[in-house]
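Note that ligands are numbered from 1 as they come in the structure, with each ligand's atoms numbered from 1 the same way.
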Amino acid sequence: SKVLLTGASGYIAQHITNELLSHGFKVIGTVRRQEQADQLHKQFSEESSVLQKDPSLLTYVLVPDIGASDAFDEVLKSTPDITYVLHTASPFIFNDDRALEDVYLKPAVEGTRNILSAIKKFANDSVKNVVVTSSFAAILNADKFEDKSFIHTEKVWNNNTWDQTKSGDRGVAYIVSKKEAEKAAWDFVEKEKPNFKLTTVNPPYVFGPQKFDASAKKESLNTSAEIVGSLLHTKYPSDDKLFDDPLNLSVDVRDVALYHVLPLLNADLASRRLLVVQSKFSAQRILNIINENFPELKGKIAVGKPEETARVEAIKGPEYNNSVTVGLTGVDPIPLEKTVVDSVKQILRANK
Ligand code: NDP
């Protein structure tokens with residue numbers, strides 16, 4: 001069956017493309033520019049024998065701005081028989097100087113409404129499931145960071161509001177854009193009663209290798225992967241910044257990709273928020289993993305205070321319980337150590 005994947009050029013979406021192809025789905029990705037389409041098709045074709053036999057299993061269409069009105073109408077109108085839609089496109093950047101509302105809130109919320117209403121308008125009879133990439137941001141209660149009795153679960157909603165972005169805080173703007181986008185999705189289903197079933201995937205910080213080594217060659221990686229990448233630019237023996245944020249929850253990008261495909265295979269995941277987590281992390285813990293596994297970096301990057309890792313993590317960082325999600329999927333998460341080792345190996349290989 002056919003799957004429409006929005007934001008197909010993204011870090012997570014490239015892994016989703018891979019997961020979909022390996023499950024035998026036909027993939028139609030939306031990207032902003034033709035060069036992205038050409039490059040991705042070439043990269044996937046180089047490693048996929050099924051794609052070499054049938055290049056039409058992966059195609060791309062252009063959607064330059066998900067926030068523009070009726071952004072997805074044309075695609076849904078002109079592509080028959082789409083069975084599933086995965087909506088991952090959303091701004092996750094911190095280097096755009098336009099008004100915060102235009103950078104984050106509009107594309108996130110309008111993009112979500114646009115895709116859902118286009119499905120209902122033009123593909124209500126064919127689309128069975130829609131998966132929206134939400135975020136742990138839509139669950140997180142940042143004011144409970146040091147409250148060990150507050151447990152983040154699939155039922156919890158973020159308590160930030162757009163008013164709090166008045167000071168220009170981009171982090172809050174991103175978080176609220178994700179919360180409002182997810183709310184818009186559930187509201188749409190409730191009010192518009194489309195035929196499709198909705199699932200959201202709510203990952204915290206997503207780490208792990210890029211789908212293709214070429215993307216690890218860049219000066220800086222996508223926002224979340226760069227948190228691991230930037231530790232390779234720290235100074236020996238220590239770096240004071242290490243003990244600031246982030247201290248949060250993480251998950252491997254390959255698990256996040258899998259969680260986007262599971263709702264297409266398992267009806268029990270319909271109408272659920274899936275909180276997919278590997279463990280708590282701190283910059284210090286990631287650094288420990290790098291130092292233990294890459295002796296060639298000894299003396300070149302920070303060591304910090306490894307003996308403080310557990311103590312610092314115990315004081316701060318969100319408590320969580322995602323046993324509902326794990327009970328439904330049975331997925332054993334890839335551990336942080338493998339995630340970090342695979343990422344660093346790739347960065348070293350790509351930049352040799
Ligand atoms: P990327 O920045 O790599 O991917 C974002 C994707 O969205 C890109 O394909 C980008 O296109 C596209 N996009 C952004 N804004 C627009 C727009 N206005 N019009 C059209 N396309 C747009 O980040 P990730 O892969 O990390 O993020 C993917 C999704 O996962 C997002 O919804 C994000 O919020 C969510 N998420 C990510 C987490 C993480 O830690 N990485 C954690 C939780 C959720 P282009 O490539 O052309 O810029």
Legend entry - atom 29 (C) of ligand 1: nearest protein contact (heavy atom, Å): Thr88 O, 3.3 Å
Inset, instruction - Classify the angle between the aromatic ring planes of Tyr205 and Phe207 as parallel (below 30°), tilted (30 to 60°) or perpendicular (above 60°). - result: tilted
Inset, instruction - Would you mind telling me if ligand 1 is within reach of the side chain of Ala225, the backbone, both or neither, using heavy atoms under 4.0 Å? - result: neither
Inset, instruction - Mark up the atoms of ligand 1 that fall under 4.0 Å of a heavy atom belonging to Gln36, in ascending order. - result: 45 (P), 46 (O), 47 (O)
Inset, instruction - Verify, without hydrogens or angle tests, whether Tyr104 (side chain) and Ile93 (backbone) share a donor-acceptor contact under 3.5 angstrom. - result: yes
Inset, instruction - Considering only non-hydrogen protein atoms, determine which one is nearest to atom 37 (C) of ligand 1 and report residue, atom name and distance to 0.1 Å. - result: Ile12 CD1, 3.7 Å
Inset, instruction - Check for a donor-acceptor pair, side chain of Gln278 on one end and backbone N or O of Leu249 on the other, with a separation under 3.5 Å. - result: no
Legend entry - Option nearest atom 20 (C) of ligand 1 (shortest heavy-atom distance, choices Val253, Ile66, Thr223, Ile175): Ile66
Inset, instruction - Below 4.0 angstrom from a heavy atom of Gly10, which ligand 1 atoms are there? Numbered from 1 as shown, please. - result: 3 (O), 4 (O), 8 (C), 9 (O), 25 (O)
Inset, instruction - Number the atoms of ligand 1 from 1 as they appear, then name those within less than 4.0 Å of a heavy atom of Pro91, with their elements. - result: 14 (C), 15 (N)
Inset, instruction - Find out whether the Lys NZ or Arg CZ of Lys183 is both under 6.0 angstrom from the six-membered ring centre of Trp157 and within 45° of the ring's axis. - result: yes
Inset, instruction - Can you sort out which atoms of ligand 1 are near Ser224, meaning under 4.0 Å from one of its heavy atoms? - result: 39 (C), 40 (O), 41 (N)
Inset, instruction - Taking atom CZ of Arg254 as the centre, report whether more than 12 heavy atoms of other residues, nucleotides or ligands fall under 6.0 Å from it. - result: yes
Inset, instruction - Say whether, by atom type as modelled, one donor and one acceptor occur between the side chain of Ser134 and the main chain of Thr200 under 3.5 angstrom. - result: no
Inset, instruction - Check Glu313, Glu308, Lys316 against Ser282 for a side chain to side chain donor-acceptor pair (under 3.5 Å) and give me the one that passes. - result: Glu313
Legend entry - Nearest protein heavy atom with distance in Å, relative to atom 42 (C) of ligand 1: Pro204 O, 3.2 Å
Inset, instruction - Output yes when the distance from some N or O of ligand 1 to some N or O of Ser135 is under 3.5 Å, and no in every other case. - result: no
Legend entry - Identity and separation of the nearest protein heavy atom to atom 44 (C) of ligand 1: Ser134 O, 3.2 Å
Inset, instruction - Within a distance under 4.0 Å of any heavy atom of Ala89, pick out the atoms of ligand 1 and give their elements. - result: 7 (O)
Legend entry - Exam field: side chain Thr339 to backbone Pro335, donor-acceptor pair closer than 3.5 Å: yes
Legend entry - Residue portion contacting ligand 1 (non-hydrogen atoms closer than 4.0 Å) for Ala137: neither
Inset, instruction - With heavy atoms of Thr133 as the reference, note each atom of ligand 1 found under 4.0 Å away. - result: 29 (C), 30 (O), 32 (O), 35 (C)
Inset, instruction - Show which atoms of ligand 1 fall inside a sub-4.0 Å distance from at least one heavy-atom site of Gly7. - result: 9 (O)
Inset, instruction - Measure up the Phe188 and Phe196 rings against each other and bin them: parallel (under 30°), tilted (30 to 60°), perpendicular (over 60°). - result: parallel
Legend entry - Top protein contact for atom 46 (O) of ligand 1, by heavy-atom distance: Ser9 OG, 2.7 Å
Inset, instruction - Out of Tyr104, Tyr205, Phe207, Tyr174, indicate the one that has the non-hydrogen atom closest to atom 33 (C) of ligand 1. - result: Tyr174
Legend entry - Partner of Ile115 by side-chain contact (heavy atoms from CB on, under 4.5 Å), out of Leu76, Val75, Asp73, Ile66: Leu76
Inset, instruction - If you have a sec, work out which protein heavy atom is nearest atom 22 (C) of ligand 1 and how many Å separate them, to one decimal? - result: Arg32 CZ, 3.5 Å
Inset, instruction - Look at the side chain of Asn321 and the backbone N and O of Ile151, then say whether any donor-acceptor pair between them is shorter than 3.5 Å. - result: no
Legend entry - same_hphob_cluster(Val31, Phe25) at 4.5 Å side-chain heavy-atom cutoff: yes
Legend entry - Protein heavy atom at shortest distance from atom 3 (O) of ligand 1: Tyr11 N, 2.9 Å
Legend entry - For Asp65, atoms of ligand 1 separated by under 4.0 Å from a heavy atom: 17 (C), 18 (N), 19 (N)
Legend entry - NZ/NE/NH1/NH2 to OD/OE distance under 4.0 Å, Glu307 and Lys305: no
Inset, instruction - Do me a favour and list the nearest non-hydrogen protein atom to atom 38 (C) of ligand 1 with residue, atom name and distance? - result: Val206 CG2, 3.7 Å
